[in-house]
Amino acid sequence: MASPQKSTELPKTYDPKAVEPRLYEFWERSGFFHEDPDPARPPFIIPMPPPNVTGRAHLGHGSTYTPQDVLTRYHRMLGDNADWLPGLDHAAIATESVLVRELAAQGIARDSLGRDGFVERAWEWSRTTGGTIEAQFRTLGFGPDWQRSRFTMDDGLSAAVRKVFAALYREGLIYRGKRLINWDPKGKTTVSDAEIDHVERDAHLWHIRYPSKDGSFAIEIATTRPETMLGDTAIAVHPDDERYTALIGKRVVLPLIGREIPIVADAAVERDFGTGAVKVTPAHDPTDYEIGLRHTLPMPTIMDADARISDAEIDVGPYAGLDRYEARKRIVDDLRAAGVLIKEEAYRHSVSVSERSGEVIEPLLSLQWFVTMKPLAEPALQAYRDGRLRFVPERYGRTYEQWLENIRDWNISRQLWWGHQLPVWYTPTGDVVVAETEEEAREIARARYGSAPLTRDPDTLDTWFSSGLWPFSILGWPEQTLELQCWYPAQVLITGWEIIFLWVARMVMLGMHFLGTVPFGTVFIAPLVFDAQGRKMSKSLGNAIDPMDLVDRYGADAFRMGILRQMRLEGQEIRFQESRCEEARNFNNKIWNATRYMLSLPEGLPRAMTLPKSADLTVADKWILTRLHDTIVAVSDHFDGFDFGNAADAIWRFVWYEFCDWYVEATKVPENHGTRAAVLSFVWNNAMRLLQPIAPFISEEVWLALPHDGVTIMTATWPDRLEVRVDREAAAAFETQMAASEEIRRQKAALELPLSSRPATRVPGDLSQAALGAISTYSPPISGSTIQIDVNLRGGISGIAVEAPATLLLERYRKDAVRLRREVERSEKTLANRDFTAKAAPNVVAKEREKLEGYRNELARVEKALAAMGETA
RNA sequence: GUGCGUGUAGCUCAGUGGGAGAGCACCACCUUGACACGGUGGGGGUCGUAGGUUCAAUCCCUACCACGCACACCA
């Protein structure tokens, strides 16, 4: 296989634009994303939540899809049978509204095309304009198994949908019934409970008097929706409300209409709210509907599909044809004129709004298809409770549990054309035939009812019905494929919490019902992305950031790293900061330049990836190898635990602060020259592999530029901690050197000496060889009498002295003295406390004594120095 | 209303029952054999408030305050 092209001279600044598209093309062409089922290896399968065919990449994909790509790449390197299964969702409502809008722009009405014509256009649109998000995902470096990409409207997936529908119908779990549903008058379709938002709105509470026919009494009710009075069939009061007990069973007259309705007693009524009496409109309010059922009230609807007042079922006076809001205005006016409007007060309450269209939902009694949820929910709950299904973070499990415990039947029919048409046919006499295909339906109808013409139910299924089958329909179910055998159930599902109900729970229910097992073992709920002020990103607020712009500016690697570093295991949101992408771009540039340095070494890099004998390694070598070992452990553990933020941080720290800041610098010192090329090469090769899942492009580019085995880092093995020698003692010695170097730098800075200067340094006699070595690379030893600076170093070196004029030292000494006195005082007080010495752990007490001694010694030196300079302590 | 989460440096966030941290921003200095998308040093916080447990609390417990979110049939 040909390696991707690359120039021999590395430019001074890393340019992701010159690297990323080329490498992605190389990977995809080489089939590195593709995998076949292999029963011999442990599977690692992630079903990608299929983005809408109308969708565009947004920052939310950064937090939910990047981890999927990271884990897939990680497990591929671990040697697992890893596959990330992509696809697209037909997104019925979204697609249909996009299309209707486009048609309208061309002056075409949806209905004029006819159903077939419209569906044809929808397919055309999906194939051409739709799915641009897949190209965007490529730009982001996401590497799912594109060859296996599926679309929820594909033949196979559609067959699965029909099979599931027919099966559930036969089992009695799908039924057709007249129920109160959520009607979206703008989208002209029903919407499920889970697709409704509750929004606080300013409104009014109107008090209306309903008099008795003979005028002997009246009852006053309060309502926010006076227009629905046209459909009132009762007044309800609480059975224990003494104000009204005498009126229960009596009748009052509906103002403006004149219809007589009863007063009923129902415990659902809140005595303390409003007047304690409520009008009951069973066909247009969920609570009223329940009351209506309990009291067998008539349930006339008074609105049509456009939410206009309609007299189709009952007399609505002169209001027929008015929009619901116009009707409200007119009715309030008329009530006022009639003298029955008692009060109008400002009132803030929450209204139900369609998530999709933003339109206020109209509860409406309607004949629809439903799934009985309780029997499906029970096993799904059980699976969670006995640990077969796990949520990360755990708290989301309770959300899942709570919803399943209170589950209501799922309205699955939608009044749309684009989608899976219900596999339901009707005979002229209204008999229902459910079948997987039209031919089967005819056979059934012939057998059951003779040869009657059939008409198909025009409705389509809720989009989530087909996505509920996703983890197995994409594997070929109901065919018993090898994929299904090896890859179901999947290992992990990653998504945002907002679709735990809509999608996750439904996949679990349907997966368990039809395949007997949970569709995935772990659900990782990724944080949602907000702007830096914690506001939701939206077009209307103008605070939305396009990830494509970020890739353009910083590169895909930087975008991925930038967003992952903002993820915290327990976090439920990310306040996105673009500066993190900028930092990550700088990080990549750092990697690039460290690579350039390695390639410029005069001795060159060795071909084989072997380390020198342990005896030949220097302290610096052993330190960086030990750190590499620890980083491999940390990154692996964090990936295993879904802690992407800490995984990214661990690599970051290692690469920048340990490798670049210290080890690379150390290789410039002659004592490290002998081994540096081999160690640099070995460590960097490993570091790039650790980085690969997060920043696939630069890690590949660098890996290929340095000694390596294989054609791509993507299929290289994950770094093995056992192959990296650990030497804690040497590592500690190097860390002492680091501390010494830092202290000398600090001294230089305080003394305003140039960093490059090598001032004479007095060192104490008991200094270790390692520390002495480190110091002598920065400063020559001194002789003669100079003013002495005494400091305490982390790691136990004390008494380094730097030659310097006295005047520059005073301020620093004074500050040190103040700080040290404070510490000595605090420590003495702690140790003087008998409870502390008696009760605290012995090692804690011992450590405190050591600290005190250290502070006292240091303070003594500083005071001595001050005294020598004529200061009184 | 019920439940969940969050309050730590100017900003975004780590963290720990025993001497308060990172990055960015800010200040000063530095073109030292890769990197100014860089290096070095520095200033800056009563760890939301009030109690409690403990020898010891930023961390554990309780209450409160503020913010965010999810559920919920007060019309």
Expressed in whole Å, how much space separates the [atom1] atoms belonging to [N] and [M]?
N	M	atom1	answer
B:C26	B:U12	C1'	16 Å
B:U40	B:C24	P	11 Å
B:C64	B:A72	C1'	25 Å
B:C59	B:C74	P	38 Å
B:U2	B:U8	C1'	30 Å
B:G39	B:A56	P	45 Å
B:G45	B:G10	P	8 Å
B:G43	B:A25	C1'	13 Å

N/O donor-acceptor pair under 3.5 Å between A:Arg243 side chain and A:Arg271 backbone: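 Looks like yes, one N/O pair under 3.5 Å.
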Distance-only donor-acceptor test, A:Glu665 side-chain atoms vs B:A34 base atoms, 3.5 Å: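 Looking at the base of B:A34, it does pair with a donor or acceptor on the side chain of A:Glu665 (distance under 3.5 Å).
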Side-chain-base donor-acceptor pair under 3.5 Å for A:Lys590 and B:C35: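 Such a pair exists between side chain and base.
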What is the nucleic acid contact for [X], judged by heavy atoms within less than 4.0 Å: base, sugar-phosphate only, or nothing?
X	value
A:Phe659	nothing
A:Val269	base
A:Arg834	nothing
A:Trp656	sugar-phosphate
A:Ala532	sugar-phosphate
A:Thr223	sugar-phosphate
A:Val280	nothing
A:Lys847	nothing
A:Ala841	base

Non-neighbouring partners of A:Arg408 that pass side chain to side chain donor-acceptor pair (under 3.5 Å), sequence neighbours left out: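 With sequence neighbours excluded, A:Arg408 shows a side chain to side chain donor-acceptor pair (under 3.5 Å) to no residue whatsoever.
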Side chain to side chain donor-acceptor pair (under 3.5 Å) partners of A:Glu405, counting only residues at least two apart: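 Here the qualifying residues are A:Arg385.
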Closest listed nucleotide, where the reference is the side chain of A:Tyr347 and the choices are B:G18, B:A75, B:G33: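 Per side-chain heavy atoms of A:Tyr347, the pick is B:A75.
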Closest listed nucleotide, where the reference is the side chain of A:His349 and the choices are B:C35, B:A75, B:G18: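 Closest of the options to the side chain of A:His349: B:A75.
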side-chain hydrogen bond (donor to acceptor under 3.5 Å, both in side chains) between A:Asn588 and A:Arg585, intermediate numbers included: CA-CA 5 Å; A:Asn588 291 336; A:Arg585 178 202 60 188; over 6 Å; no
Going by the angle between their ring planes, with limits at 30° and 60°, are [X] and [Y] parallel, tilted or perpendicular?
X	Y	answer
A:Phe642	A:Phe524	parallel
A:Trp403	A:Phe501	parallel
A:Phe391	A:Tyr400	tilted
A:His204	A:Trp206	tilted

Short side-chain N/O contact from A:Arg395 to OP1 or OP2 of B:C4, under 4.0 Å: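 Checking B:C4 against A:Arg395, no side-chain N or O comes under 4.0 Å of OP1 or OP2.
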Residue met sooner reading RNA chain B from 5', once A:Arg585 and A:Arg398 are mapped to nucleotides: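 Comparing both residues, the 5'-ward one is A:Arg398.
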Collect all protein-nucleotide pairs involving nucleotides 56-59 of chain B in which both atoms are nitrogen or oxygen and the distance is under 3.5 Å.
none

Partners passing ring pair (Phe, Tyr, Trp, His ring centres under 6.0 Å) against A:Phe576 (at least two apart in sequence or in another chain):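 Partners of A:Phe576 by the ring pair (Phe, Tyr, Trp, His ring centres under 6.0 Å) criterion come out as none, since no residue qualifies.
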Watson-Crick and G-U pairing of RNA chain B, under 3.5 Å, as dot-bracket with | and [ ]: (((((((..((((....[..)))).(((((.......))))).....(((((..]....))))))))))))....
Test: A:Lys668 cationic atom under 6.0 Å from A:Tyr597 six-membered ring centre, within 45° of axis: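 Geometry flag: set, cation within 6.0 Å and 45°.
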[X] and [Y] ion-paired at < 4.0 Å:
X	Y	value
A:Arg580	A:Glu583	yes
A:Glu573	A:Arg575	yes
A:Glu823	A:Lys851	no

Summary of protein contacts for nucleotides 67-73 of chain B, nucleotide by nucleotide, where a base hit scores B, a sugar-phosphate-only hit scores S (4.0 Å, heavy atoms): -BSSSSB
